[in-house]
Amino acid sequence: MTKRSPRTVFVSYEELDDVPSNPSSTATFGDIVERRFSRRRVLQGALATTAISAVVASFPFAESRAAMGSGLTFPEVEHGVDETHHVASGYEADVLIRWGDPVLPNAPAFDPNNQTAAAQEMQFGYNNDYVGYLPLPLGSDNPSRGLLCINHEYTNEEVMFPGIERQDKDLQFADMTRALTDVEMAAHGGSVIEVERGGNGKWSVIADSPYARRISGLSTPIRISGPAAGHPRLRTSSDPGGTKVIGTLNNCAGGMTPWGTYLMAEENFHGYFTGDIAGHPEERNYARYGVPANWYGWGKFHDRFDITKEPNEANRFGWIVEVDPLDPTSTPIKRTALGRFKHEGAETIVNGDGRVVLYSGDDQRFDYLYKFVSEGRFDPSNPVANRDLLDRGTLYVARFDADGSLAWLPLVFGTGPLTPTNGFSSQADVVIETRRAADLLGATPMDRPEDVQPNPKTNKVYMALTNNSKRKVEQVDPANPRGPNLFGHVVEMSPPGGDHAATSFGWEIIVQCGNPNDPAHAAVWNSATSANGWFAAPDNAAVDHRGNLWITTDQGTNWSRSGTADGVWLLETEGELRGTGRMFFRVPLGAEMCGPVFTPDDETLFVAVQHPATDGVADYQGRGRGSTFADPATRWPDFNDGMPPRPSVVAITKSGGGALGAG
Ligand code: FEO
Ligand code: CA
Ligand code: CA
């Protein structure tokens, strides 16, 4: 998500004053690229030195997946910004479901002028981020019928509600009422919908599906499991046992497990809390997470979001939530063994020995990459054995070393500095204060780790690092080689022998984002990348079933730096074209591109268009101000004067059929 600034209206957390004025900020990059950039490809960019080219030329192209052919087959979409979406020629992009559309049976028709929490709890929520596809029946590879599991990350009140505008120096939307606040809360969470591809090749939502479900921030009870369950630091006045919380919030990306459950990653949970931190019993803990951030005014109407009134509620957010989408009556579970931080996502892979490995980035500037290795083993024939795999195992944090190795440091109570001397009395304390534990272990502060995506074809793992405008020249390191890093980069990690449980990996940077033809960007791409093929602010990622890596971007308000709206790009990772990007889809003005996921036949790519009309529209064509409900910069996707812009899930298929990016 785009972060909200506590200070300035319509300028994101990535403040505009971070634009570099000093080109010498990249002075050390040449040395670093020589050490840590892949040596297998031709580099393009200001720092593709002769020395590097010589190394490149001497290395063989020996990747296995390359033999399958590159996915770079589609005509490119051009960089640009306008009021609607664009997909590569020869492909079709159809809106499948929009904010306010019915999810549950008997959901009332969407009426943007008369919203209620009761209606919103039956309708599709706001800001769709993660999208997972679960083929039906469970265990099949059905590419034409399945469940879509969709996160609703946050809300944009200024374009959701008539008459609600952001107040200067007060992003709490002072005019919000209790009733509208409850609509906001109900618009958070997730949706499970059943979808089907018809004979005409088009997708539709199955009305009144028995699987249909809304999970909301307002009302859904969620169980807490794992080492922190029941701990005194999780107990509240309404839950003295510390095992049940209402709602899940800021669900950004996520993942689908091998056993068919849906993981929702709680990211910027700090934004929902208000109150006074000075002298608070959780002051050190909360300060490390930015609690309270005062983005919303929920604490005015719900005491639990005021840390002064309910001191432990903020410890009950920042977790991974596991949902069984096949049972709409099941209680979702917050799995505390996976740690508490601003989880971007939660992608899993079954290791060769059957253990499950889950990767998750902590999306904040200078925060860390984590993985969890289960103690038990995945058993496809025994669903009961898999049910609580995410409750027991080892959580690790990453340290990227200059020699190209990556050390996974265990976050285990009683080992190293994680002892009572440093305020940890149990594993519960370690997971509640995951960030502080990782600080003590010496993890590498990264440039905002977003989606972390394993490629089952190659066993490589890809991490999107979106940007870090605050990294200073003296803070660069081999894994984060630009200061400031305004455009982000993509890191490839290599488990030895494909062993995702190993405690040492290899790593290298695939691309350094930004415009390779602008020396000030210090961008590095394969020279085959066109003027539209480079991107900025990589965020979410998907690997198709042939092993192609697709990246989506979230530039926030900073898209004027690149001159293009966000979108989907294919990033070649193998062979001679490794490090080449190509633009496949572009979102409308002010939106972010999320949720890429392929059906098992790779014939459909579902994507999620978040917050159209919001980010950076003040900069668009001299508009000079942001969007409001009455005057949004775009009314995508309906383009109907009575209808506000609506976050929507889009299904992309090839005209006439066939896999995306094939042939
Ligand atoms: Fe919700 Fe890191 O984006
Ligand atoms: Ca994101
Ligand atoms: Ca992903």
Side-chain angles (χ1 to χ4, degrees), residues 1-4 12-14 126-133 148-156 188 190 248-257 262-272 290 293 295 317-318 320 341-349 358-369 446-456 461-468 488 490 536-545 548-558 566-569 571 587 591-598 605-611 614-615 647:
M1 92 185 259
T2 303
K3 312 306 186 282
R4 295 170 183 232
S12 81
Y13 192 77
E14 292 289 310
Y126 208 75
N127 276 348
N128 32 222
D129 195 299
Y130 177 75
V131 182
Y133 179 83
L148 287 187
C149 302
I150 301 154
N151 285 350
H152 301 297
E153 186 181 15
Y154 69 107
T155 45
N156 290 82
H188 282 66
T248 175
L249 298 175
N250 214 268
N251 304 99
C252 193
M256 300 300 293
T257 66
Y262 157 38
L263 301 178
M264 310 169 72
E266 292 187 324
E267 195 190 26
N268 292 298
F269 63 92
H270 61 309
Y272 301 92
W295 289 352
F317 292 86
I320 297 293
F341 49 92
K342 296 176 189 174
H343 288 276
E344 170 71 23
E347 298 279 7
T348 51
I349 190 163
L358 183 147
Y359 293 96
S360 190
D362 184 349
D363 179 13
Q364 187 156 334
R365 290 178 288 211
F366 303 108
D367 261 291
Y368 307 131
L369 167 68
M446 306 298 289
D447 288 345
R448 296 186 54 198
E450 300 262 20
D451 208 349
V452 184
Q453 192 73 41
N455 181 340
V461 183
Y462 296 93
M463 169 171 48
L465 293 151
T466 210
N467 54 37
N468 183 350
V490 180
D539 185 348
N540 294 138
V543 171
D544 68 27
H545 298 82
N548 294 300
L549 178 65
W550 304 70
I551 301 270
T552 70
T553 62
D554 174 15
Q555 300 167 96
T557 58
N558 298 319
D566 286 318
V568 181
W569 280 259
L571 178 62
V587 298
E592 165 186 355
M593 182 85 284
C594 302
V597 66
F598 286 86
L605 172 63
F606 293 105
V607 291
V609 177
Q610 260 210 36
H611 59 71
T614 63
D615 275 355

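Since the structure is predicted, the reported quantities are computational estimates derived from the model, not experimental observations. When a ligand or atom number is given, it counts from 1 through the structure's own listing order.
None of the N, O or S atoms belonging to D129 lies under 2.8 Å away from atom 1 (Fe) of ligand 1. Taking backbone and side-chain atoms together, E267 has an N/O/S atom less than 2.8 Å away from atom 1 (Fe) of ligand 1. Among the atoms of E344, an N, O or S atom is found under 2.8 Å from atom 2 (Fe) of ligand 1. Using a cut-off of 2.8 Å, one finds that D539 contributes no N/O/S atom close to atom 2 (Fe) of ligand 1. Atom 1 (Fe) of ligand 1 does not have C594 among its coordinating residues (no N/O/S atom, backbone or side chain, under 2.8 Å). Contact annotation: D539 places an N, O or S atom under 3.0 Å from the Ca ion (ligand 2).
Residues N128 and C594 are not in side-chain contact: their nearest non-hydrogen atoms beyond the backbone lie 4.5 Å or more apart. The shortest distance between side-chain heavy atoms of F598 and W550 falls below 4.5 Å.
In E153, the N, O or S atom that comes nearest to atom 1 (Fe) of ligand 1 is OE2. Within E450, the N/O/S atom positioned nearest atom 2 (Fe) of ligand 1 carries the name OE1. When atom 2 (Fe) of ligand 1 is compared with the N/O/S atoms of D363, atom OD2 turns out nearest. Of all the N, O or S atoms in E344, the one closest to the Ca ion (ligand 2) is OE2.
Evaluated for a ring pair (Phe, Tyr, Trp, His ring centres under 6.0 Å) with H188, the options F317, F269, Y272 yield exactly one hit, Y272.
In this structure T553 satisfies the side-chain hydrogen bond (donor to acceptor under 3.5 Å, both in side chains) test together with D566, sequence neighbours excluded. Under the salt bridge (Lys or Arg N to Asp or Glu O under 4.0 Å) criterion, D362 pairs with R435, sequence neighbours left out.
Checked by atom type and distance alone, the side chain of N127 pairs as donor or acceptor with a backbone atom of H611 at under 3.5 Å.
Going from atom CG of D451 over to atom OH of Y462 covers 13.5 Å, rounded to the nearest 0.5 Å.
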